[in-house]
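The structure under discussion appears below in the form of C-alpha cells.
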Amino acid sequence: MSKVTFFGGEQFPLEMHKVRIIQKLTLLPIEDRLAAIEQAGFNTFLLQNADVFLDMLTDSGVNAMSDLQQAAMLIADDAYAGSATYTRLYDKLVEIFGMDYFLPAHQGRAAENILAQVLVRPDTVVPMNYHFTTSKQHITVHGAEVLEFIRPEGLEVTSYHPFKGNFDTDRLRQLVAERGADAISYVRMEAGTNLIGGQPFSLENLREVRDICREHGLTLVLDASLLADNLYFIKTREEACRDMTIPEITRAIADCSDILYFSARKLGFGRGGGICIRDEETYKKLRGYVPMYEGFLTYGGMSVREMEAITVGLDETMDEDMINQGPQFIAYMVNELEQRGVPVITPPGGLGAHVDAMRFLDHIPQPEYPAGALAAAIYLCSGVRGMERGTMSEQREPDGTEPLADMELVRLALPRRVFTLSQVSYAIDRIHWLHQNRTMVGGMKFVEEPEILRFFYGRLAPVNDWPHQLMAKFRQDFGDSL
Ligand SMILES: *Cc1c(COP(=O)(O)O)cnc(C)c1O
C-alpha cells in the first residue's frame, strides 16, 4: 500500500505530508447525538456540522489545501480582464493537458450546462460509462437520452476487477452500427465513476473508446472531476502503465479526448471548474455562454484566490505522493471493514468507502430505506456523517409509485488529505460494532416528503423505537465512553 515496507510485512498507508493547520472537532455523547439526529429528521443532510465528529458526507469542496496553495492565494490578481491569475491557471492547464483552449466555470455542473447548450441535440443519445446526477440532468433537459454502457462487472457489488469504470465498447460499436453516428450527440467518459463507488477506467479502455469515436467522427468528452484517483489507479493497477509517470498518464488520457471538463471542488483541491477544448471552432461556440451564465472569460464565476489555489493544486495532482493519500486510506478502510465482515463495495475505489446496506440490514425491506436507516444509525453510534445513496435518493414517479434503487449504499467519503488514520480506525471500530448489533436497527418512514430532492430536505421517523434501544446497547457495551 504505502511505498515504505514495514517491519514484519504488515502494510498500512503512510502520509507524505504533515498537518500545519487544524480545526477543532467535537464528539458529542450518544444522548446528544440522538437528539441531534432526531432534530434533523433522521436525515444526515439536515445535521448541523457542529454536531458532526467526522464529516464523510462528500469529497466536494472540502479537501485540504497545501501550504503552497494557501501561499498562492495571497498573490491573486483581482483584475476583471487580463488577470495574471487567469494566465497562470491557463498555462498550467495547457502544460498538463496539452489542449489550446480553456473556459472557466464556477463549478463542474456549470461546465456541464455550457457543454449541453452547444453539444446536446434533441432526440439523440449520449452514451457514457455511467451517469452522474447533474451530467444526466443537463443532457435530458435538452431532449437527449443518456445510455449507460458500463461493463457488467461495474455493477457487481463485490468484485476484484481493477477497472470497474470501463466502458463496454461492444455496445458502443453496436449502437453506431444500428443508429448511425448522427444519432449520437457525443460520447462521455467519466473518470473515477462517482455513483458506482469511485471506480476507475483503464487507459487501454479509454483508447478503445477513442478509436471508435475517431473512426466515426464522434466527439469524446471526458469528465475529469475525479481524475486524480483514476490516475493513481492506472499507475498502480494497469501493468502497461507501470513505467509511465503521472504527467505522462495524464497527457495520454487528455490526448484521447476532444473536450475535458472538471469540477475543481475535487480536481485541484479548490473550488471551481472549467472546460479544456482542443479545437478552435468548438471553443468559439462554447465561449458565448460563459459571460451569460458564469462571468467574464478570465474568471467564469470563480474567485481569483481559488483560481490560484487550483493552479497549484493541479500541479500537486501530478505528484503521486500528493494524490495517493485518498485512495490508500479508502483501501485501508474498505479492507479493514471487509475483514470484520462488514459488506462493502470492492475493490476499493476513490472518493470513499461504500457500505452495502442491502446486505448490512437485510431484514429491512427496501421501501423502509435500509440505506437511510444505516446512515442514521452510523451517525448515532459514532458521530460520523455519511450519505444515503439508495431508494431515498430516487424520485417518485408522477403517479406516486416509488422506484426502488439498484443498490442501497451508504457512502462514507474521505475528503482528500483531511482525516488521520486514527480517525479512520475509530470509524471502522464503531461501524464494526454496529454490524454486530445490526438486527437492532429498524426501518424508516417519511414524515415530510418534498416532491423534488426529497433526500436533501425530507424528514423521517424510525418505524419503531430502535434508536433508543440501540443507544441503550451502546451504553451497556461502551460504558461512559463517547
Ligand atoms: C462532483 C461532480 C460533478 C459536478 O461538479 P460540481 O462542482 O459539484 O458541480 C460532475 N461530475 C462528476 C464526476 C463529479 O464527481
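The first residue in the sequence is number 1, and the count goes up from there. One-based numbering, in listed order, for ligands and for the atoms of each.
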Stacked cation flag R278 on Y283, 6.0 angstrom / 45 deg: no
Cation-pi, F269 ring and R417 (6.0 angstrom, 45 degrees): yes
Identity and separation of the nearest protein heavy atom to atom 12 (C) of ligand 1: D223 OD2, 3.3 Å
Ionic contact status for K92 with D315, cut-off 4.0 Å: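 Result for this pair is yes, salt bridge flagged.
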Distance filter under 4.0 Å to [X] heavy atoms, resulting ligand 1 atoms:
X	answer
E112	10 (C), 11 (N)
K266	1 (C), 2 (C), 3 (C), 14 (C), 15 (O)
S263	5 (O), 6 (P), 7 (O)
E190	13 (C)
Q107	6 (P), 7 (O), 8 (O), 9 (O)

Residues in side-chain contact (heavy atoms from CB on, under 4.5 Å) contact with A377, at least two apart in sequence or another chain: L434, V441, W466, L470
For atom 8 (O) of ligand 1, the option (of H106, R109, R265, R271) bearing the nearest heavy atom: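 Among H106, R109, R265, R271, the closest heavy atom to atom 8 (O) of ligand 1 comes from R109.
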Selected option - heavy-atom contact closest to atom 3 (C) of ligand 1, from F262, F132, Y261: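 It is F132 whose heavy atom sits nearest to atom 3 (C) of ligand 1.
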Intermediate values then yes/no, salt bridge (charged side-chain N to carboxylate O under 4.0 Å, His left out), K164 and E153: CA-CA 6 Å; K164 281 166 81 178; E153 57 268 15; over 6 Å; no
4.5 Å side-chain heavy-atom contact, F456 and N43: no
Partners meeting side chain to side chain donor-acceptor pair (under 3.5 Å) with S135 (sequence neighbours left out): E112, R188
Sub-3.5 Å N/O-N/O distance, N194 and ligand 1: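 Checking ligand 1 against N194, an N or O pair does fall under 3.5 Å apart.
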